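Atoms considered below: every heavy atom in the structure, side chains included; atoms not considered: hydrogens, waters and symmetry mates. On a predicted model such as this, the values are computed, not experimentally measured, just so you know. Throughout, protein chains are lettered first and strands after them, A, B, ... in sequence-line order, and every chain is numbered starting at 1.
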There are 2 protein chains.
Amino acid sequence: MENSFALRKVEVSLSPQERFEEYLQSRGKRMTHQRRVILETVFAQHEHFDADGLWEMVQQAGHQVSRPTVYRTLNELEDCGLLRRMQLGNRRVYEHDYGYPDHDHLYCERCHKLFEFQCEELERIREAVAREYQFRANGHRFIITGVCAQCSQGRRRPRRLELV
Amino acid sequence: MENSFALRKVEVSLSPQERFEEYLQSRGKRMTHQRRVILETVFAQHEHFDADGLWEMVQQAGHQVSRPTVYRTLNELEDCGLLRRMQLGNRRVYEHDYGYPDHDHLYCERCHKLFEFQCEELERIREAVAREYQFRANGHRFIITGVCAQCSQGRRRPRRLELV
DNA sequence: ATTTTTGCAAACCATTTGCAGCTGG
DNA sequence: CCAGCTGCAAATGGTTTGCAAAAAT
C-alpha cells in the first residue's frame with residue numbers, strides 16, 4: 001500500500017525564474033546578478049534551509065554575495081510566493097512554496113530534519129474549529145515533533161547545530 | 001449545543017508553588033524572593049505572555065526583579081513543567097502547563113491573541129502519520145492562523161506589538 | 001542619467017552569560 | 001559560613017538598516 005500521506009503534485013505554468021522576473025518588474029525592481037545567483041541556488045535543491053545555509057551554498061558555488069543581500073532576497077522570494085517561511089527555534093527555515101502543495105511537517109529533534117506529509121483531514125479540522133470560534137482562518141501549521149526512523153535506529157549523526 | 005472543542009479540566013494534587021518548591025529542593029536550588037514574586041505573577045493570571053510582558057507585570061506590582069532573573073526563572077518554570085513555551089515569530093510565548101490539558105491554538109494575526117481548543121482527532125492523525133513515517137512522535141503543535149471574531153467585526157484594537 | 005541595489009559596518013532585539021557582591025539555609 | 005542567586009553590563013546570534021559606492025535600465 002502506498003503512503004497515504006504522500007504529497008500530491010501541483011502544476012504551475014511559470015518557472016520560478018519567470019515568476020520572480022514578473023514580481024520584480026511589477027514593482028520596478030531589478031534583476032541583478034546576486035538575485036539571480038540566489039534564485040538558482042534556492043531552486044537547485046529541495047531541502048529546507050535557513051539564511052546562513054543558503055549563504056554558504058552560494059559561497060561554495062563560488063559566488064560572492066553578502067549576507068544582507070541574502071536576507072533581503074529571501075524576504076522578496078517569500079513575498080512573491082516562491083518560498084515559505086517557518087520559525088524553528090530562533091531560526092527561520094525556508095522551503096519551496098511555488099509549485100508545491102500545502103503540507104505539514106514532522107520535525108526530528110535529533111537530526112533537526114524536516115519531513116513533509118499531506119493530510120486533508122487537517123483542513124477539515126481547521127474549518128470546524130474556526131467555525132466554532134467564529135474565526136476567519138487563513139492557514140495553519142501542524143508540526144509533529146519526535147525522532148525520525150534513522151535516528152531511532154541508533155545512528156546518531158547530528159545534522160546541524162541546535163535549532164530549538 | 002456546547003463547544004465541542006472546549007478544554008476539559010485536569011486535576012492536580014500540588015499547587016504550582018508546592019511543585020516549584022519540590023523542583024528547587026530536588027536540585028539544591030533555593031526559593032528566593034525573586035522566584036516567589038515571579039511565580040505569583042505568572043499564576044495570578046491565565047493569559048499567554050512573554051518574558052518582557054512578565055517583567056512589566058512584576059514591575060507594575062511594585063517589585064524589583066531584573067530581566068535576566070525573569071529569563072532564568074522562566075527557564076526553570078518550563079523545566080519543572082509548570083510552563084509551556086511556544087515560539088511565535090521571534091518571541092517566546094508562555095502558558096500554564098501544570099494542571100492544563102494538552103491543547104492547540106488559534107492565533108489572531110490582527111490582535112495577536114491566542115485562543116485555545118482541544119481536539120482529540122489531532123492525536124489520532126499524529127499517530128497515523130508517525131506510524132507511516134516510522135517516526136517516534138512525542139508531541140505536536142497545531143496553530144490555526146487567521147482573524148478572530150472581535151477583530152473581524154471591524155473593531156481594530158491592536159493588542160500588543162507585532163509578534164510575527 | 002537616474003534609480004535601485006549592494007556591501008560594509010553598525011544597529012537591533014530577544015536572550016544569555018561572566019562576574020562581583022548579596023542572600024538563603 | 002558557603003553554595004547558590006542576583007544584578008549589572010557586556011556578549012551573543014540571527015536579522016535589519018544607514019549610507020556611500022556600484023550596477024541596472
Contact under 4.0 Å: A:Tyr71 side-chain N or O vs D:dT16 OP1/OP2: no
Interatomic distance where CG belongs to A:Leu74 and P belongs to D:dT17 [whole Å]: 15 Å
Whole-Å gap separating P (C:dT16) and CG (B:Asn90): 13 Å
Ion pair B:Glu22/B:Arg19, N-O distance below 4.0 Å: no
Main-chain N/O of A:Met57 paired with A:Gln60 side-chain donor or acceptor, under 3.5 Å: no
Nucleotide nearest B:Pro68 when distance is taken to its side chain, options D:dA24, D:dG4, D:dA9: D:dA9
Spacing between A:Gln34 atom CD and C:dT5 atom C1', to the nearest angstrom: 8 Å
Nucleotide of C:dT15, D:dT16, D:dG14 approaching A:Arg91 most closely (side-chain heavy atoms): D:dG14
Distance test, side-chain N/O of A:Thr32 to OP1/OP2 of C:dT5, below 4.0 Å: no
Upstream residue (5' side of DNA chain C) when A:Gly28 and B:Ala51 are each assigned their closest nucleotide: A:Gly28
First encountered from the 5' end of DNA chain D, between B:Glu76 and A:Asn75: B:Glu76
Selection from C:dG25, D:dA24, D:dC8 that lies nearest to any side-chain heavy atom of B:Ser66: D:dC8
Side-chain donor/acceptor of B:Asp97 to backbone N/O of B:Arg84, under 3.5 Å: no
Spacing between B:Arg27 atom CZ and D:dA3 atom C1', to the nearest angstrom: 17 Å
Sugar-phosphate, base or nothing in reach of A:Gln64, heavy atoms under 4.0 Å: sugar-phosphate
Euclidean distance, atom CZ of residue A:Arg67 to atom P of D:dT17 [Å, nearest integer]: 18 Å
B:Gln25 CD - C:dG24 P separation (whole Å): 16 Å
Within 6.0 angstrom of B:Gln134 CD, more than 12 heavy atoms from elsewhere: no
Donor-acceptor pair (no angle test) under 3.5 Å: A:Arg30 side chain, C:dT3 base: yes
Touch class at under 4.0 angstrom, heavy-atom based, for B:Arg72 against every strand present: base
Under 4.0 angstrom between B:Arg36 side-chain N/O and C:dT23 OP1 or OP2: no
Selection from D:dT25, C:dT16, D:dA24 that lies nearest to any side-chain heavy atom of A:His33: D:dA24
Gap between atoms CZ and P, on A:Arg85 and D:dG14 respectively (whole Å): 16 Å
Rounded interatomic separation in angstrom, taking NZ from A:Lys29 and C1' from C:dT3: 13 Å
Candidate pair A:His46 and A:Glu95, rule side-chain hydrogen bond (donor to acceptor under 3.5 Å, both in side chains), full reasoning: CA-CA 7 Å; A:His46 306 289; A:Glu95 65 183 2; over 6 Å; no
